[in-house]
Amino acid sequence: MPSTKPDSHRTGTTLGARSIGRAALVLRTLSTFGPRGAALKEIAAASGLPKATVHRILAALLEARLIERLETTRDYRLGPELFAFGATMAEVAD
């Protein structure tokens with residue numbers, strides 16, 4: 001009897017790609033706020049994503065050090081790992 005379950009590899013790939021796209025959207029959105037950063041509410045509003053989704057993405061980005069959270073305001077801004085990526089790209093584009 002054939003399985004009625006969706007192909008988990010294919011489903012995982014699709015969901016993974018969508019998650020990466022959403023994370024990229026959050027990073028691009030966060031970059032528009034500059035060094036002052038932005039609150040979760042502001043990022044969600046500007047990106048058009050639900051707050052719960054943005055919260056999950058921000059948690060993963062924090063863990064990867066792609067963003068950081070300011071101690072004074074608790075706002076989020078781009079983090080040190082993105083600076084490292086940019087430095088590498090500067091060498092490539094130079």
Side-chain angles (χ1 to χ4, degrees):
M1 174 178 222
S3 173
T4 58
K5 293 181 182 177
D7 179 5
S8 62
H9 174 71
R10 187 171 162 204
T11 303
T13 302
T14 302
L15 291 175
R18 189 166 78 188
S19 295
I20 291 170
R22 287 179 171 183
L25 173 60
V26 169
L27 287 170
R28 282 193 303 274
T29 301
L30 195 51
S31 75
T32 66
F33 289 95
R36 80 162 181 88
L40 168 65
K41 181 176 162 180
E42 294 173 297
I43 299 164
S47 69
L49 294 172
K51 278 178 32 175
T53 299
V54 173
H55 185 266
R56 283 192 304 273
I57 291 169
L58 290 171
L61 294 171
L62 273 169
E63 188 174 320
R65 297 188 58 214
L66 294 173
I67 64 170
E68 59 187 12
R69 198 154 187 201
L70 302 170
E71 289 184 29
T72 54
T73 64
R74 305 298 294 157
D75 287 348
Y76 300 89
R77 70 176 175 193
L78 299 181
E81 287 298 313
L82 286 177
F83 177 79
F85 291 154
T88 300
M89 285 308 300
E91 291 174 18
V92 171
D94 203 28

Under 4.5 Å side-chain heavy-atom separation, chaining through any Ile, Leu, Val, Met, Phe, Trp or Tyr, what else clusters with Ile67? Say none if it is isolated.
Leu25, Val26, Leu27, Leu30, Leu40, Ile43, Leu49, Val54, Ile57, Leu58, Leu61, Leu62, Leu66, Tyr76, Leu78, Leu82, Phe85
What is the minimum heavy-atom distance between Pro50 and Ala44, and which atoms define it?
C-CB, 4.5 Å
Phe33 side chain reached by Glu42 side chain, heavy atoms, under 4.5 Å
yes
Scanning both residues in full, the closest heavy-atom pair of Pro80 with Glu68 reads CD-OE1, 3.8 Å
If I compare all heavy atoms of Ala64 with all of Glu81, which pair ends up nearest, and what's the gap?
O-CG, 3.5 Å
Thr73 side chain to Leu70 backbone, donor-acceptor under 3.5 Å
no
Are Asp75 and Arg69 packed together at the side-chain level, in the sense that at least one heavy-atom pair is separated by less than 4.5 angstrom?
no
